Amino acid sequence: MATSMRSHSSSALPFNVFRDIEPLRTYRRGLLLERKTVGLVPTMGALHAGHLSLLRRAAQENTNVFVSVYVNPTQFGINEDLDSYPKTWEADMDAIKGLDEEFAASNTKVPTAPLGRISAIFAPTTKIMYPTLPPTSAIDGHGSFVTLTPISTLLEGRSRPVFFRGVATVCMKLFNITAPDRVYFGQKDIQQTVVIRRMVQDFCIDTDVRIVPTEREPDGLALSSRNVYLGQRRRRVAVVLAAALNIAETQYAAGKRTRDEILRPALEFAHTEAEKQENLAPGKRARFTIDYISLADPDSMEEIDEVKMTRGAVLSGAIVMQPAEDVKTDEDSGLGGGTLPVRLIDNILLKPEG
Ligand code: AMP
């Protein structure tokens, strides 16, 4: 049966929470007839300031903001962290409610530039999102999927072969369900934004893709729902990725244009840091492996040998923080006690000239 949920344990929510597709579609149709505009922010929950910056931008550009909260199983590989992915529904609803109150207050103060309101949360079950075949994470598993190649096989896709198939598939479903005027994605997941833009173009989807800059901790670490797993020791070292990318960016800013000139100092820095950690005592170190540091074309994400000033480039990287060793009982070891490896990604856009 189609239902919409409005209950929330801490206090009543000022927006609709939809579990099913039909009531959401009816609601959406009503908004269309009222000539309202909808900005959709797809998330997997565990919201942080990065997600909220997407919601803010959506509220600046639409009368109504929709947020989807769904941990999509098909984008997780078989050995990845689907089961342990953080789920913080109550805190997420409180954060969204608080933000919406901020929008309302701003509209009273500055009525000339009204912000849209967060009016719908879509939090479906997997049976709703995958109504026929059970979702599979197997590369050769059966199902109805959206596949974009070769982009989905590069960089993140090389280490996570089903990831972009899962992302494109779930986003196609979300776009079909909510018919958004605009969709909002974070630059933090840069390859994802390229995949989504490509999907919108190639499948003639009637929506605008908007990309929002990465929110960071004061030391430069990109905010991520997975950072809660790090704990203090790994958290301190995790900034190495942003620092390496900054080194590469500095090279570009100094006029360097070749792959070697831009990437070599960054790679040297990252490898030296990795070695430093290896040489520390197990109870002190935070070991990490470098998956890639890349200099790629912004449209294809293919590696490039030289940055062309007309195109610019994407500097991106991924590292895996290994499980913490010899964890002391009084140590802040993060969610999961420091036992889970944590994959971190980050990027910087090297802008074209002009
Ligand atoms: P997720 O819940 O991790 O799937 O992320 C939902 C959306 O939030 C995606 O478009 C992400 O790119 C975006 N996002 C995640 N982290 C950040 C961040 N630090 N700054 C801005 N956007 C982010």
Side-chain angles (χ1 to χ4, degrees), residues 39-61 65-77 80-82 84-89 91-93 95-96 99 118 121-124 129 155-156 160 162-175 178 180 182-200 207-230 235 238-239 241-242 245-246 301 314 316-318 335 342-349:
L40 169 69
V41 181
T43 81
M44 297 205 298
L47 302 183
H48 51 65
H51 297 111
L52 301 191
S53 71
L54 269 60
L55 290 170
R56 269 201 188 89
R57 174 80 179 276
Q60 286 161 5
E61 299 177 346
V65 178
F66 286 13
V67 189
S68 62
V69 177
Y70 177 62
V71 182
N72 172 40
T74 61
Q75 71 192 63
F76 289 78
E80 291 181 6
D81 56 348
L82 172 62
S84 62
Y85 196 84
K87 290 173 192 70
T88 57
W89 174 259
D92 291 350
M93 291 308 107
I96 293 176
L99 191 65
I118 302 168
I121 311 294
F122 182 47
M129 292 303 272
L155 298 166
E156 283 302 290
R160 308 184 67 193
V162 298
F163 179 64
F164 290 115
R165 181 183 73 176
V167 167
T169 300
V170 80
C171 286
M172 177 70 94
K173 290 168 191 258
L174 292 171
F175 297 178
T178 59
R182 299 175 190 87
V183 290
Y184 293 82
F185 288 87
Q187 191 202 313
K188 152 88 180 357
D189 299 275
I190 186 89
Q191 195 178 357
Q192 173 168 282
T193 68
V194 178
V195 166
I196 296 297
R197 273 195 198 287
R198 180 74 59 85
M199 181 178 89
V200 164
T207 196
D208 263 358
V209 182
R210 302 282 159 106
I211 313 300
V212 180
T214 305
E215 289 287 321
R216 299 176 179 281
E217 299 280 5
D219 68 351
L221 179 73
L223 298 188
S224 161
S225 303
R226 290 188 168 96
N227 290 353
V228 292
Y229 295 121
L230 288 171
R235 165 66 188 82
V239 75
L241 177 57
L245 296 176
N246 276 326
M301 295 304 279
V314 176
S316 66
L335 203 69
V342 184
R343 182 179 182 83
L344 300 173
I345 61 172
D346 201 350
N347 69 85
I348 296 176
L349 279 180

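Both ligands and their constituent atoms are indexed starting at 1 by order of listing. These numbers come from the heavy atoms of this one structure, side chains and all, not from hydrogens, waters or symmetry mates. Computed from a predicted structure; not experimentally measured.
Near ligand 1, heavy-atom contacts under 4.0 Å come from P42, T43, M44, H48, G50, H51, L54, Y85, F185, G186, K188, D189, Q192, P213, T214, E215, L223.
Each of Q192, Q191, R343 was compared with E156 under the side-chain hydrogen bond (donor to acceptor under 3.5 Å, both in side chains) criterion, and only R343 meets it. Exactly one of I121, V41, T43 qualifies for a side-chain contact (heavy atoms from CB on, under 4.5 Å) with I96. That residue is I121.
N347 places no side-chain N or O within 3.5 Å of a backbone atom of G317 that could act as its donor or acceptor partner.
Residue pairs satisfying the side chain to side chain donor-acceptor pair (under 3.5 Å) criterion with at least one member in residues 209-224, sequence neighbours excluded, are listed as follows: E61-R210, D208-R210, R216-D346, D219-R235.
Of all the heavy atoms in I345 and A318, the pair that sits closest is CG2-CB, 3.8 Å. When all heavy atoms are compared, the tightest approach of P86 to S225 is CG-O, 3.6 Å.
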